[in-house]
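Because the structure is predicted, anything quoted here is derived from the model rather than measured.
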Amino acid sequence: TATISVTAPTSNGGDSIDTYTATVAPVNTGVSVTSTSTTTTVSVTGLQPGTEYVASVTATNAAGVSPSVTSSTFVTKPALSTSVSSATGAVNTLLTPITTTLLAEAGSSATYAISGTLPAGLEFDTATGTISGTPTTVTTATTVTITASVLIGSDTKTATTNVTISVALSPQTTLTLAGGSANIGDTVTVTVGGGSGSGNITYALAGGTATGCSVNAQGEVTSTGAGTCIVRATKDGDSTFATATSAPSTVTFFHFLPS
(Lines give C-alpha, C1' and ligand atoms only; values in the text may rest on other atoms or scores of the structure.)
Protein backbone atom coordinates (compact mmCIF):
# COMPACT_ATOMS: atom_id res chain seq x y z
CA THR A 1 0.00 0.00 0.00
CA ALA A 2 1.20 3.50 -0.87
CA THR A 3 -0.11 6.63 0.77
CA ILE A 4 -0.24 9.72 -1.44
CA SER A 5 -0.36 13.04 0.41
CA VAL A 6 -2.00 15.76 -1.68
CA THR A 7 -1.65 19.52 -1.24
CA ALA A 8 -5.05 21.09 -1.72
CA PRO A 9 -5.21 23.49 -4.67
CA THR A 10 -5.03 27.22 -3.88
CA SER A 11 -7.85 27.89 -6.30
CA ASN A 12 -10.92 25.67 -6.34
CA GLY A 13 -13.26 27.64 -8.59
CA GLY A 14 -15.41 28.67 -5.65
CA ASP A 15 -16.44 25.14 -4.64
CA SER A 16 -14.86 22.80 -2.12
CA ILE A 17 -13.00 19.76 -3.42
CA ASP A 18 -15.16 16.65 -3.50
CA THR A 19 -12.56 13.99 -4.34
CA TYR A 20 -8.90 13.49 -5.10
CA THR A 21 -7.96 10.77 -7.58
CA ALA A 22 -4.47 9.28 -7.65
CA THR A 23 -3.26 7.12 -10.52
CA VAL A 24 -0.05 5.25 -9.74
CA ALA A 25 1.83 3.89 -12.76
CA PRO A 26 5.03 1.83 -13.02
CA VAL A 27 7.94 3.79 -14.42
CA ASN A 28 8.92 0.79 -16.55
CA THR A 29 6.30 -1.88 -17.29
CA GLY A 30 3.20 -3.01 -15.45
CA VAL A 31 -0.35 -2.09 -14.62
CA SER A 32 -1.48 1.28 -13.27
CA VAL A 33 -3.66 1.49 -10.16
CA THR A 34 -6.18 4.23 -9.43
CA SER A 35 -7.71 5.18 -6.10
CA THR A 36 -10.02 7.99 -4.94
CA SER A 37 -10.36 9.74 -1.58
CA THR A 38 -12.45 12.55 -0.16
CA THR A 39 -9.44 13.75 1.88
CA THR A 40 -5.97 14.87 0.92
CA THR A 41 -4.63 11.43 1.84
CA VAL A 42 -5.11 8.78 -0.85
CA SER A 43 -4.27 5.14 -0.10
CA VAL A 44 -3.41 3.00 -3.10
CA THR A 45 -3.38 -0.80 -2.83
CA GLY A 46 -2.47 -3.53 -5.28
CA LEU A 47 1.01 -2.26 -6.08
CA GLN A 48 3.74 -4.73 -7.01
CA PRO A 49 6.69 -5.20 -4.63
CA GLY A 50 10.06 -3.78 -5.53
CA THR A 51 8.72 -1.57 -8.30
CA GLU A 52 9.40 2.07 -9.18
CA TYR A 53 6.20 4.09 -9.57
CA VAL A 54 5.09 7.62 -10.32
CA ALA A 55 1.78 9.10 -9.13
CA SER A 56 -0.44 11.65 -10.85
CA VAL A 57 -3.28 13.33 -8.94
CA THR A 58 -6.38 15.27 -9.96
CA ALA A 59 -8.94 17.12 -7.84
CA THR A 60 -12.65 17.12 -8.65
CA ASN A 61 -15.48 19.44 -7.56
CA ALA A 62 -18.61 20.95 -9.03
CA ALA A 63 -16.47 23.17 -11.25
CA GLY A 64 -14.81 20.16 -12.90
CA VAL A 65 -11.56 18.22 -12.83
CA SER A 66 -8.23 19.92 -12.23
CA PRO A 67 -5.14 19.43 -14.36
CA SER A 68 -3.08 16.39 -13.37
CA VAL A 69 -0.12 16.92 -11.05
CA THR A 70 2.70 14.37 -11.16
CA SER A 71 4.73 13.32 -8.14
CA SER A 72 8.36 12.35 -7.98
CA THR A 73 9.04 8.62 -8.36
CA PHE A 74 8.95 6.23 -5.42
CA VAL A 75 9.84 2.56 -4.97
CA THR A 76 7.76 -0.06 -3.18
CA LYS A 77 9.42 -2.47 -0.76
CA PRO A 78 10.60 -5.72 -2.38
CA ALA A 79 9.49 -9.09 -0.98
CA LEU A 80 11.81 -11.95 -0.04
CA SER A 81 10.96 -15.57 0.78
CA THR A 82 12.78 -18.91 1.06
CA SER A 83 11.96 -22.26 -0.51
CA VAL A 84 11.18 -23.60 3.00
CA SER A 85 10.61 -21.81 6.29
CA SER A 86 12.30 -24.59 8.26
CA ALA A 87 14.54 -27.52 7.41
CA THR A 88 16.06 -30.48 9.24
CA GLY A 89 19.32 -31.79 7.83
CA ALA A 90 21.14 -35.02 8.60
CA VAL A 91 24.76 -35.31 9.67
CA ASN A 92 27.10 -36.02 6.74
CA THR A 93 24.19 -35.89 4.26
CA LEU A 94 23.93 -33.17 1.61
CA LEU A 95 21.24 -30.66 2.55
CA THR A 96 18.62 -29.84 -0.06
CA PRO A 97 19.61 -26.25 -0.89
CA ILE A 98 17.44 -23.55 0.67
CA THR A 99 16.89 -20.97 -2.05
CA THR A 100 15.45 -17.46 -1.98
CA THR A 101 12.82 -15.84 -4.17
CA LEU A 102 12.97 -12.07 -4.57
CA LEU A 103 9.97 -10.15 -5.88
CA ALA A 104 11.13 -6.97 -7.58
CA GLU A 105 10.82 -5.47 -11.03
CA ALA A 106 12.86 -6.82 -13.92
CA GLY A 107 16.32 -5.31 -14.14
CA SER A 108 16.77 -4.98 -10.39
CA SER A 109 20.03 -6.22 -8.89
CA ALA A 110 20.48 -7.68 -5.42
CA THR A 111 23.10 -8.81 -2.96
CA TYR A 112 22.41 -10.93 0.11
CA ALA A 113 23.63 -11.06 3.68
CA ILE A 114 22.88 -13.41 6.58
CA SER A 115 22.75 -12.83 10.31
CA GLY A 116 22.91 -15.69 12.78
CA THR A 117 25.10 -18.79 12.80
CA LEU A 118 24.57 -21.62 10.34
CA PRO A 119 25.16 -25.22 11.45
CA ALA A 120 28.72 -26.41 10.81
CA GLY A 121 29.22 -27.53 7.22
CA LEU A 122 26.65 -25.20 5.69
CA GLU A 123 27.50 -22.08 3.70
CA PHE A 124 25.70 -18.99 2.42
CA ASP A 125 25.98 -17.55 -1.09
CA THR A 126 25.89 -13.74 -0.97
CA ALA A 127 25.18 -13.56 -4.72
CA THR A 128 22.06 -15.75 -4.68
CA GLY A 129 20.98 -15.95 -1.03
CA THR A 130 21.19 -19.77 -1.11
CA ILE A 131 22.09 -21.94 1.90
CA SER A 132 23.73 -25.23 0.97
CA GLY A 133 26.30 -27.79 2.04
CA THR A 134 26.67 -30.92 4.15
CA PRO A 135 26.11 -30.49 7.90
CA THR A 136 28.72 -32.17 10.08
CA THR A 137 27.35 -32.01 13.61
CA VAL A 138 24.03 -32.33 15.39
CA THR A 139 22.55 -28.86 15.90
CA THR A 140 19.42 -27.74 17.72
CA ALA A 141 17.00 -25.53 15.80
CA THR A 142 18.57 -22.19 14.98
CA THR A 143 16.98 -19.27 13.12
CA VAL A 144 18.94 -17.11 10.69
CA THR A 145 17.83 -13.95 8.91
CA ILE A 146 18.55 -13.36 5.23
CA THR A 147 18.58 -9.76 3.99
CA ALA A 148 18.44 -8.74 0.34
CA SER A 149 19.70 -5.29 -0.63
CA VAL A 150 17.98 -4.47 -3.91
CA LEU A 151 18.90 -1.68 -6.31
CA ILE A 152 15.74 -0.55 -8.11
CA GLY A 153 16.34 2.36 -10.42
CA SER A 154 18.55 4.63 -8.32
CA ASP A 155 17.00 3.57 -5.00
CA THR A 156 18.20 0.75 -2.73
CA LYS A 157 15.58 -1.12 -0.72
CA THR A 158 15.96 -4.07 1.66
CA ALA A 159 13.83 -7.10 2.36
CA THR A 160 14.30 -9.82 4.98
CA THR A 161 13.13 -13.34 5.68
CA ASN A 162 13.85 -15.95 8.34
CA VAL A 163 14.59 -19.66 8.07
CA THR A 164 15.04 -22.19 10.89
CA ILE A 165 17.54 -25.03 10.46
CA SER A 166 18.30 -28.02 12.65
CA VAL A 167 20.57 -31.03 12.13
CA ALA A 168 19.92 -34.54 13.42
CA LEU A 169 21.78 -37.83 13.19
CA SER A 170 21.13 -39.73 9.99
CA PRO A 171 18.77 -42.72 10.24
CA GLN A 172 20.36 -46.12 9.76
CA THR A 173 19.24 -48.41 7.00
CA THR A 174 16.59 -50.82 8.26
CA LEU A 175 18.00 -53.20 10.86
CA THR A 176 16.76 -56.75 10.27
CA LEU A 177 16.91 -59.85 12.44
CA ALA A 178 16.36 -63.43 11.25
CA GLY A 179 15.34 -66.15 13.71
CA GLY A 180 15.12 -69.89 13.28
CA SER A 181 14.15 -73.09 15.07
CA ALA A 182 15.84 -75.83 17.08
CA ASN A 183 15.25 -78.57 19.60
CA ILE A 184 15.12 -77.68 23.27
CA GLY A 185 18.70 -77.58 24.53
CA ASP A 186 20.15 -76.55 21.19
CA THR A 187 21.21 -73.01 20.26
CA VAL A 188 19.90 -70.74 17.52
CA THR A 189 22.07 -67.80 16.52
CA VAL A 190 19.94 -64.95 15.16
CA THR A 191 21.31 -63.15 12.10
CA VAL A 192 21.48 -59.35 11.86
CA GLY A 193 21.25 -57.52 8.55
CA GLY A 194 21.18 -53.87 7.50
CA GLY A 195 22.00 -51.07 9.87
CA SER A 196 24.63 -48.37 9.35
CA GLY A 197 27.69 -47.03 11.06
CA SER A 198 30.03 -48.44 13.68
CA GLY A 199 27.68 -48.82 16.63
CA ASN A 200 27.67 -51.92 18.83
CA ILE A 201 24.86 -54.49 18.43
CA THR A 202 23.02 -55.83 21.45
CA TYR A 203 20.19 -58.34 21.80
CA ALA A 204 17.21 -58.49 24.14
CA LEU A 205 14.24 -60.76 24.71
CA ALA A 206 10.87 -59.24 23.79
CA GLY A 207 8.47 -62.00 24.90
CA GLY A 208 7.53 -65.44 23.68
CA THR A 209 5.63 -68.53 24.86
CA ALA A 210 8.54 -70.76 25.85
CA THR A 211 9.89 -70.97 29.40
CA GLY A 212 13.55 -70.30 30.07
CA CYS A 213 14.30 -68.17 27.01
CA SER A 214 17.76 -66.63 27.00
CA VAL A 215 19.87 -64.62 24.55
CA ASN A 216 23.52 -63.71 25.02
CA ALA A 217 25.73 -60.94 23.65
CA GLN A 218 26.49 -62.99 20.53
CA GLY A 219 22.82 -63.39 19.63
CA GLU A 220 22.69 -67.03 20.69
CA VAL A 221 19.19 -68.01 21.81
CA THR A 222 18.39 -71.01 24.03
CA SER A 223 15.30 -72.23 25.83
CA THR A 224 14.47 -74.79 28.51
CA GLY A 225 10.93 -75.27 27.24
CA ALA A 226 9.05 -75.67 24.00
CA GLY A 227 7.51 -72.64 22.31
CA THR A 228 8.73 -69.31 20.98
CA CYS A 229 11.38 -66.84 22.10
CA ILE A 230 11.02 -63.36 20.63
CA VAL A 231 14.21 -61.34 20.21
CA ARG A 232 15.07 -57.80 19.13
CA ALA A 233 18.42 -56.36 18.08
CA THR A 234 19.58 -52.79 18.70
CA LYS A 235 22.49 -51.13 16.94
CA ASP A 236 23.89 -48.15 18.77
CA GLY A 237 24.31 -44.82 17.07
CA ASP A 238 27.63 -43.11 16.38
CA SER A 239 28.72 -39.62 15.34
CA THR A 240 26.73 -39.93 12.10
CA PHE A 241 23.87 -42.36 12.65
CA ALA A 242 21.07 -42.59 15.21
CA THR A 243 20.34 -45.76 17.17
CA ALA A 244 18.26 -48.38 15.33
CA THR A 245 16.16 -51.28 16.62
CA SER A 246 14.98 -54.23 14.57
CA ALA A 247 11.48 -55.60 14.33
CA PRO A 248 10.95 -58.60 16.63
CA SER A 249 12.15 -61.97 15.36
CA THR A 250 10.85 -65.34 16.48
CA VAL A 251 12.92 -68.37 17.43
CA THR A 252 10.90 -71.58 17.90
CA PHE A 253 11.97 -74.49 20.11
CA PHE A 254 10.55 -78.03 19.84
CA HIS A 255 10.85 -81.14 21.91
CA PHE A 256 11.92 -82.63 18.60
CA LEU A 257 12.15 -80.77 15.31
CA PRO A 258 9.30 -81.77 12.99
CA SER A 259 10.47 -83.98 10.16
**Message:** The test is side chain to side chain donor-acceptor pair (under 3.5 Å); show your working for T243 and D236 and say whether it passes.
**Reply:** CA-CA 5 Å; T243 298; D236 293 338; 4.9 Å; no

**Fill in**
Correct closest heavy-atom pair for A233 and L177 would be N-CD2, 3.7 Å

**Item:** Closest non-hydrogen atom pair, P26 against V31
**Value:** CD-O, 3.6 Å

**Prompt:** Passes side chain to side chain donor-acceptor pair (under 3.5 Å), S132 versus T130? Steps please.
**Reply:** CA-CA 6 Å; S132 61; T130 298; over 6 Å; no

**Item:** Closest non-hydrogen atom pair between F253 and G225, with its separation
**Value:** CB-O, 3.8 Å

**Item:** E220 versus T189, closest heavy-atom pair with distance
**Value:** CG-OG1, 3.5 Å

**Prompt:** What is the distance from atom CG of D125 to atom CD1 of I131, rounded to the nearest 0.5 Å?
**Reply:** 10.5 Å

**Request:** Mind checking the OG-CG spacing from S108 to L151? Nearest 0.5 Å is all I need.
**Result:** 7.5 Å

**Request:** Can you measure from OG1 (T3) to CZ (F74) and round to the nearest 0.5 angstrom?
**Result:** 9.5 Å

**Message:** Using 0.5 Å steps for rounding, measure from the NZ atom of K235 to the OG atom of S246.
**Reply:** 12.5 Å

**Request:** Calculate, to the nearest 0.5 Å, the distance between atoms OG1 and OH belonging to T128 and Y112 respectively.
**Result:** 7.5 Å

**Request:** Evaluate the side-chain proximity of T142 to T140: yes if any heavy-atom separation is below 4.5 Å, no if none is.
**Result:** no

**Message:** Using side chain to side chain donor-acceptor pair (under 3.5 Å), reason through T88 and S166 one step at a time and then give a plain yes or no.
**Reply:** CA-CA 5 Å; T88 299; S166 59; 3.1 Å; yes

**Message:** Please find the pair of heavy atoms, one from A22 and one from V44, that lie closest to each other, and give the distance.
**Reply:** CB-CG2, 4.4 Å

**Request:** Treating Ile, Leu, Val, Met, Phe, Trp and Tyr as nodes and any side-chain heavy-atom pair under 4.5 angstrom as an edge, say whether V188 and V192 lie in one connected cluster.
**Result:** yes

**Asked** So among V150, I146, T101, L103, which one has a side chain to side chain contact (heavy atoms under 4.5 Å, CB included) with L80?
**Response** I146

**Asked** Can you hop from I98 to V167 via hydrophobic side chains spaced under 4.5 Å?
**Response** no

**K77 side, atom NZ; T158 side, atom OG1 - distance, nearest 0.5 Å** = 4.5 Å

**Hydrophobic cluster partners of V69 (side-chain heavy atoms under 4.5 Å)** = none

**T143 and T164 side chains, donor-acceptor separation under 3.5 Å** = yes

**Prompt:** So T228 and T209, side chain to side chain donor-acceptor pair (under 3.5 Å) or not? Walk me through it.
**Reply:** CA-CA 5 Å; T228 59; T209 61; 3.2 Å; yes

**Asked** Is there a path from I114 to L102 through hydrophobic residues (I, L, V, M, F, W, Y) whose side chains come within less than 4.5 Å of each other?
**Response** yes

**Prompt:** Which atom pair, heavy atoms only, marks the closest approach of V54 to S71?
**Reply:** CG2-O, 3.2 Å

